[in-house]
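All ligand and atom numbering here is 1-based and tracks the order in the structure. On a predicted model such as this, the values are computed, not experimentally measured, just so you know. All values below were derived from every heavy atom in this structure, side-chain atoms included, with hydrogens, water molecules and symmetry-related copies excluded.
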Amino acid sequence: MTYSHLLKAITGTVAGLGIAVAAHAQTAWDMPTPYPANNFHTENIQQFAKDVEQATGGKLKITVHANGSLFKANEIKRAVQGGQAQIGELIISGLANEDPIYALDTVPFLATGYADSKKLWQSSKAAVEARLAKNGLKILYSVAWPPQGLYVKTPLSTIGDLKGMKIRSYSPTVARMIELMGGQPVTVQAADLTQALSTGVVSANLTSSATGYDTKSWEQLTYYYDLQAWLPKNIVFVSKKAFDALDQPSRDGLLKAAAAAEERGWKVSEEKTAWYIEQLKSHGMKVQPAPAALQAELLKVGEKMTAEWADKAGPDGQAILDAYRKLK
Ligand code: PCA
């Protein structure tokens, strides 16, 4: 070995050691999320990140990139799978084209309140976990959105009033429902929704009171029909590889913070629903339940979609539905 070779080898080793020491001192994770900074899910995530830093004695630092700013909503799963980010948030039903199991919590009128939504999660969590595990991903926690309803410009009396209307959707199942209602589904992620509404790309929206508030729906839309049709859920998930690379105390700290975030998130989601509805009203929106005729027609759409889902999801799906119905 020449002198310069020797020098290079030594320098390389020292540099390598330096990185190892730094990695041991602090691990930095990037966390792309789809929803705005002041959304309750995002605020919960910020608290979670703080808790993680504290619980790991500063060894694990998570930087949250909200509102699709690092990766767009539909890119987040792949980014974490591919190692461009280590942890992320997504809406489960956004993955419904990959597997029908992911569509379960957007089947209309299957679980319409928080208690049932929790039971539905209890019945389906293992199946969702198993599918994500195949992609090298691990769920840390899940939190439901407030119940979903319909934002429109003019009052509705029957499903016929939705004929041909361009209605914004955020997942394949939501798009299917819009289709069955006679509307024209247009997929728009939450981060692009305000613009899609103001430019007339869509003239109606199917979502929660929370997202209606986040996107100032009252600027374009007047009626909010509080259908309480389903409560979709977000998950916070991590790359299994990144998780396994943590030392045991850090893993424990992360899981502890995740459990606290799950409990806090469900509570805030439920408690804040009334507040969101109040905000919609105070900005002039007319908030009301669906008129009886419309409600009956929507329930039929729900029945059809439940049957379609069971058909697609096969025996795995049936087992989940049976478990859920036992809990109810
Ligand atoms: N808000 C999100 C998903 C469900 C919800 O309530 C959205 O509209 O994109």
Side-chain angles (χ1 to χ4, degrees), residues 32-45 66-69 71-77 88-97 102-114 117 120-121 142-152 166-178 183 185-198 201-221 224-236 265-266 268-277 279-280 285 287:
T33 75
Y35 303 102
N38 65 344
N39 176 269
F40 78 93
H41 283 291
T42 319
E43 287 174 353
N44 194 36
I45 285 170
N67 211 27
S69 59
F71 292 101
K72 294 203 176 301
N74 59 356
E75 300 168 344
I76 292 177
K77 178 174 178 247
E89 179 195 31
L90 57 75
I91 184 159
I92 301 173
S93 52
L95 307 176
N97 283 337
Y102 296 133
L104 179 64
D105 67 9
T106 45
V107 173
F109 305 108
L110 187 60
T112 59
Y114 281 89
S117 173
L120 193 65
W121 182 227
S142 176
V143 171
W145 285 91
Q148 307 287 292
L150 189 56
Y151 292 83
V152 285
K166 284 188 192 153
I167 307 176
R168 176 265 176 169
S169 157
Y170 58 80
S171 86
T173 330
V174 178
R176 176 70 181 144
M177 184 184 187
I178 293 169
V186 183
T187 300
V188 180
Q189 300 301 344
D192 305 318
L193 187 52
T194 309
Q195 201 190 349
L197 281 165
S198 66
V201 169
V202 293
S203 55
N205 184 16
L206 228 169
T207 187
S208 59
S209 52
T211 294
Y213 169 79
D214 289 348
T215 54
K216 299 191 171 66
S217 285
W218 50 85
E219 289 182 354
Q220 267 82 32
L221 306 167
Y224 179 55
Y225 288 97
D226 189 10
L227 309 178
Q228 311 198 356
W230 65 86
L231 289 77
K233 292 182 301 289
N234 288 357
I235 50 168
V236 164
W266 281 83
V268 172
S269 179
E270 185 165 8
E271 284 171 4
K272 232 182 150 179
T273 298
W275 183 86
Y276 281 127
I277 298 269
Q279 296 306 305
L280 296 178
M285 292 211 81
V287 179

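The local environment of CD in Glu219 is crowded, with over 12 non-hydrogen atoms from other residues, nucleotides or ligands closer than 6.0 Å.
The ring pair (Phe, Tyr, Trp, His ring centres under 6.0 Å) check on Tyr224 picks up Tyr151, with sequence neighbours excluded. Residues that satisfy the ring pair (Phe, Tyr, Trp, His ring centres under 6.0 Å) test with Trp145, not counting sequence neighbours, are Tyr35, Phe40, His41.
Identified under the salt bridge (Lys or Arg N to Asp or Glu O under 4.0 Å) test for residues 203-217, with sequence neighbours left out: none.
The protein residues lying under 4.0 angstrom from ligand 1, judged by non-hydrogen atoms, are Tyr35, Ile91, Trp145, Gln148, Arg168, Tyr170, Ala190, Thr207, Ser208, Thr211, Pro232.
Ring geometry for Tyr213 versus Trp218: interplanar angle of 30 to 60°, hence tilted.
Taking both residues in full, the closest heavy atoms of Pro108 and Trp230 are given as CA-CE3, 3.8 Å, listed atom of the first, atom of the second, then distance.
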